[in-house]
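Contents: one structure, followed by commentary.
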2 protein chains.
Amino acid sequence: MSASSVNTASSTRDRILGAAEQLFAQRGFDGASLRQLTTAAGVNLAAVNYHFGSKEKLVEEVFRRRLDALNADRLAALARLGSDHPATLEEVLAAYIRPALELSHEGNGALFMRVLARAFAEHDDTLRQFLSENYGHVMRQFTAEFARLLPHLGKPELYWRIDLVTGALTHAMSGFGMIQRKGGVSEQAHREQTVQHLIRFAAAGLSHP
Amino acid sequence: MSASSVNTASSTRDRILGAAEQLFAQRGFDGASLRQLTTAAGVNLAAVNYHFGSKEKLVEEVFRRRLDALNADRLAALARLGSDHPATLEEVLAAYIRPALELSHEGNGALFMRVLARAFAEHDDTLRQFLSENYGHVMRQFTAEFARLLPHLGKPELYWRIDLVTGALTHAMSGFGMIQRKGGVSEQAHREQTVQHLIRFAAAGLSHP
DNA sequence: GCAGAATTCAAACGATCGTTTGAGCATACG
DNA sequence: CGTATGCTCAAACGATCGTTTGAATTCTGC
């Protein structure tokens, strides 16, 4: 107990964000109350409105914290491609999928993927507009790459296949428990296997004749 | 005004179920209150608890009404196959997909698909158990067919691909607006095109090497 | 070490939630 | 006709919701 930060390793703000992520994943945005949330975080009820302004702003901040990192990783992986040869479909898909799978395997990242799946299911206009405004450019960049790699597809057909793939990936990453790791396989090797499976599934769905 | 059933074409029970479907799709199970719901249905607040017992039972009844018909159609379509030749993958997928797409194009069926997508996103144990108990046998029957048609896949691999396909289909059917019908194409022809697209996407995702 | 800003706290606000109640109305049956 | 029976209604119940308040506390810079 030398330092005063045994249980207070994180700030009030971060503890709220962590508890919010967990409870939003479990009970949804409406279902999780600020009283449950602040109790779980070990902070005062009023702290949410003090630090974030409102519950809705807290929801946005939960998304911002994870998606800023996730989309930065995705764009970095995409930019890393094509230095010596034109990027293949599998490589672009890897740039899109692997950062998400790595996030879902670190800390409470898997919980966030469930929050994200909820956001997709709720057709809440405010939330959709927030996501579109802040992270739409990432989807646009990947869509452009897909369009280049799949020139035989018309625009509506391409958009629609991307939507199907997005639905499959979000559903899969939020579900889990399904993809069990077998004995004798390291955590990292198993994740790489999963990435390859997802990539092949997505590639087959995108590029089939 | 000869008959007394101008605006009372449906019973109180059915009006509640209809309004519930719409509001659950728009605002979620928690977000839609019984007061909004009964006001929209034009019935008294207490009618929900009188006819269904509780809000949770009402939720289950909303699912039961649509899923009973949907799954009966799916099983009938599956049973209709294989009379003169072994069923192909595309035929089995059609038996699974076409009834869902027809439902989502009749009346408020599309709203129900959004309710279903919400139910998937919410990992509510009570609701999942209810769905598994009442409609698990349908999924089991289709899974057996897929296993027969895709013998090169191991059991976990197969389950996992089915999960991905289910996620994609649910996501797509609840989204909509994306799949626009072009001028000069009849409603029925467009639906058949969509079915074919979904089948090919699912077949590619399921059977790729 | 002290003023001033930043943060935490207990308590209360009005609003809305799901549910229950008991009287009132309708319809059906002897 | 009278009486059960099924249904609707307005009103109220206690609980819980997000938010606000103003005082108490902790932190910061001089």
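We use all heavy atoms of the structure for the numbers below, so side chains are in, but hydrogens, waters and symmetry mates are not. In the text below, chain A, chain B and the rest are named by the order of the sequence lines, each starting its count at 1.
- Although no hydrogens or angles enter the test, the distance criterion places a donor-acceptor pair under 3.5 Å between the side chain of A:K55 and the main chain of A:F29.
- Closest approach of A:F112 to A:V62, counting heavy atoms only: CE1-O, 3.8 Å.
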Stepwise side-chain contact (heavy atoms from CB on, under 4.5 Å) test for A:H171 and B:T170
CA-CA 9 Å; A:H171 179 83; B:T170 310; 5.9 Å; no
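- Annotation: proximity of residues 49-56 of chain A to DNA chain C (heavy atom, distance under 4.0 Å) is found for A:Y50, A:H51, numbered in ascending order.
- To the nearest angstrom, P of C:dT7 lies 14 Å from CZ of A:R15.
- Between the A:R118 side chain and the A:F24 main chain, a donor and an acceptor come within less than 3.5 Å of each other.
- In this structure, A:G42 and A:R35 both approach DNA chain C, and ranking their closest nucleotides by distance from the 5' end singles out A:G42.
- To the nearest angstrom, C1' of C:dT7 lies 11 Å from CD1 of A:I16.
- Annotation: proximity of residues 17-31 of chain B to DNA chain C (heavy atom, distance under 4.0 Å) is found for no residue.
- Ring orientation note: the planes of A:W160 and B:H197 are tilted relative to one another, at an angle of 30° to 60°.
- Contact annotation for A:A47: no contact, since no heavy-atom pair falls under 4.0 Å across all strands.
- Note on A:E122 versus A:R128: no salt bridge recorded, every NZ/NE/NH1/NH2 to OD/OE distance being 4.0 Å or above.
- Salt bridge present: A:R64 and A:E61 bring a charged side-chain N and a carboxylate O closer than 4.0 Å.
- For A:N44 and C:dT8, the CG to P distance is 9 Å, given to the nearest whole Å.
- Here B:E157 pairs with B:R161 in a salt bridge; the nearest charged N to carboxylate O distance falls below 4.0 Å.
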Determine, step by step, whether B:E192 and B:Q188 satisfy the side chain to side chain donor-acceptor pair (under 3.5 Å) criterion, reporting the C-alpha distance in whole Å, the side-chain angles of both residues, the deciding distance to 0.1 Å, and the verdict.
CA-CA 6 Å; B:E192 190 54 33; B:Q188 189 181 344; over 6 Å; no
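- Interface limits on DNA chain D: the 5'-most and 3'-most nucleotides within less than 4.0 Å of chain A heavy atoms are D:dC17 to D:dT21.
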Run A:E133 and A:Q129 through side chain to side chain donor-acceptor pair (under 3.5 Å) and show every step you take.
CA-CA 6 Å; A:E133 281 174 2; A:Q129 185 175 345; 3.0 Å; yes
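- At distances below 3.5 Å, not a single donor-acceptor pair connects side-chain atoms of B:N108 with backbone N or O atoms of B:L111.
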